[in-house]
Number of protein chains: 2
Amino acid sequence: MKIGELAQRSGLTPSRIRFYERIGLLKAVDRKANGYRSYPAEAVTILGLIALAQGAGFSLDEIRALLPVDLEHWEHDALVGALTRKVADIETLQARLARSKAHLLHVIDEIEARPDDIDCATNARRVLTRLLGEDAEMPVASLRAKQF
Amino acid sequence: MKIGELAQRSGLTPSRIRFYERIGLLKAVDRKANGYRSYPAEAVTILGLIALAQGAGFSLDEIRALLPVDLEHWEHDALVGALTRKVADIETLQARLARSKAHLLHVIDEIEARPDDIDCATNARRVLTRLLGEDAEMPVASLRAKQF
DNA sequence: CTTGACCTTAAAGTTAACTTGAATGTCAGG
DNA sequence: CCTGACATTCAAGTTAACTTTAAGGTCAAG
């Protein structure tokens, strides 16, 4: 199978597949006489797995560390450990999202529940004071660094 | 107030504050005779707000579009609209995280619930087949693009 | 024998949100 | 007067995961 067909079948682009090879996520593959890459059917499975893992929040580095040389010989414990840690990561993010959401709803409330007897500017000051008095949240950047 | 003190009081770095000014998120501030930036007390509030909004998932572009020239004159409807949309974004992400988590737990289950009478390699094939038969999820990249 | 679809490489571009580095200026204290 | 802590600018580096571009081979079909 040439790279174009593999791309079709896996749903990735050829450039992405070459990129994965370049960074060592995919091992270098056989070449035909003309230099074209020639993939075994298994490659579709591997690319599918990579996409799946990415969808679950694994970085390419994490995936590289877990993907076995041979699809039938996984490092069982490392894999289960990584999966479990990823679940914990998701739970952390879920908690944070719930807080962010509650916070936003609260702000919307404060803005809209402006007493009729005060003007916008005063209300703005009131909302601002409450907001900045409240706890400042962890910046989102630290989360992006952790993969979501 | 010079930039160092503002940095102290807001918890941001001086380079970050200059960066915000460079990209037009902060309007250019007064300079002293020596060229040093001189901030009003209000600047602490503005930086606090920016950090807060970032923590809630707003990009700098979104924040720039919402931050008013004058802290007391917000574009009420645009603001509430943006906050509401952000809540919706969070809900989308929450749903996706819930699915990812369920998926991961399911995979862990499949791996560990290997019948005693089949070997690892066979189990690996079984798990793989099930996995790749299932729906492929949206890649995480498209989420990062949307701010989380 | 030429067109067009496909393949190859290496290098550079993309995005967001900053940081880091280099070169230089300012100012208060000892 | 010198030192050290601050300030300034501009350019370039960082990270992740790719894509895009440029310049060029390969190959089947008409």
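Below, chain A is the first sequence line, B the second, and so on; all start at residue 1.
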Residues B:H73 and B:P68: closest non-hydrogen pair is O-CB, 3.1 Å

Residues passing the side chain to side chain contact (heavy atoms under 4.5 Å, CB included) test with B:E91, sequence neighbours excluded, are A:K101, B:V87, B:Q94

* Asked: Does a donor on one side chain sit under 3.5 Å from an acceptor on the other, for B:T92 and B:D89?
  -> no

Report task. Report yes if at least one side-chain N or O of A:N34 is closer than 4.0 Å to OP1 or OP2 of D:dC27; otherwise report no. Result -> yes

From the candidates D:dC18, D:dT8, C:dT9, the one with an atom nearest any side-chain atom of A:R37 is C:dT9

For C:dG25 and B:R31 - does any side-chain N or O of the residue sit under 4.0 Å from the phosphate oxygens OP1/OP2?
no

Quick note, B:I3 side chain, CB onward, closest among D:dA17, D:dA7, C:dC7 is D:dA7

Check the interface with nucleotides 19-22 of chain C: list each N/O to N/O pair with the protein under 3.5 Å, or write none.
from   : atom 1 : to    : atom 2 : distance (Å)
C:dT19 : OP2    : B:T13 : OG1    : 2.9
C:dT19 : OP2    : B:S15 : OG     : 2.7
C:dT19 : OP2    : B:R16 : N      : 3.4

- Message: Please confirm whether the shortest side-chain N or O distance from B:Y20 to OP1 or OP2 of C:dC18 is below 4.0 Å.
- Response: yes

B:Q54 side-chain N/O to C:dC18 phosphate OP1/OP2 under 4.0 Å | yes

In A:M1, A:E5, A:Q8, the residue satisfying side chain to side chain contact (heavy atoms under 4.5 Å, CB included) with A:V44 is A:M1

Winner on side-chain proximity to A:L60, out of C:dA17, D:dA17, C:dT8, is D:dA17

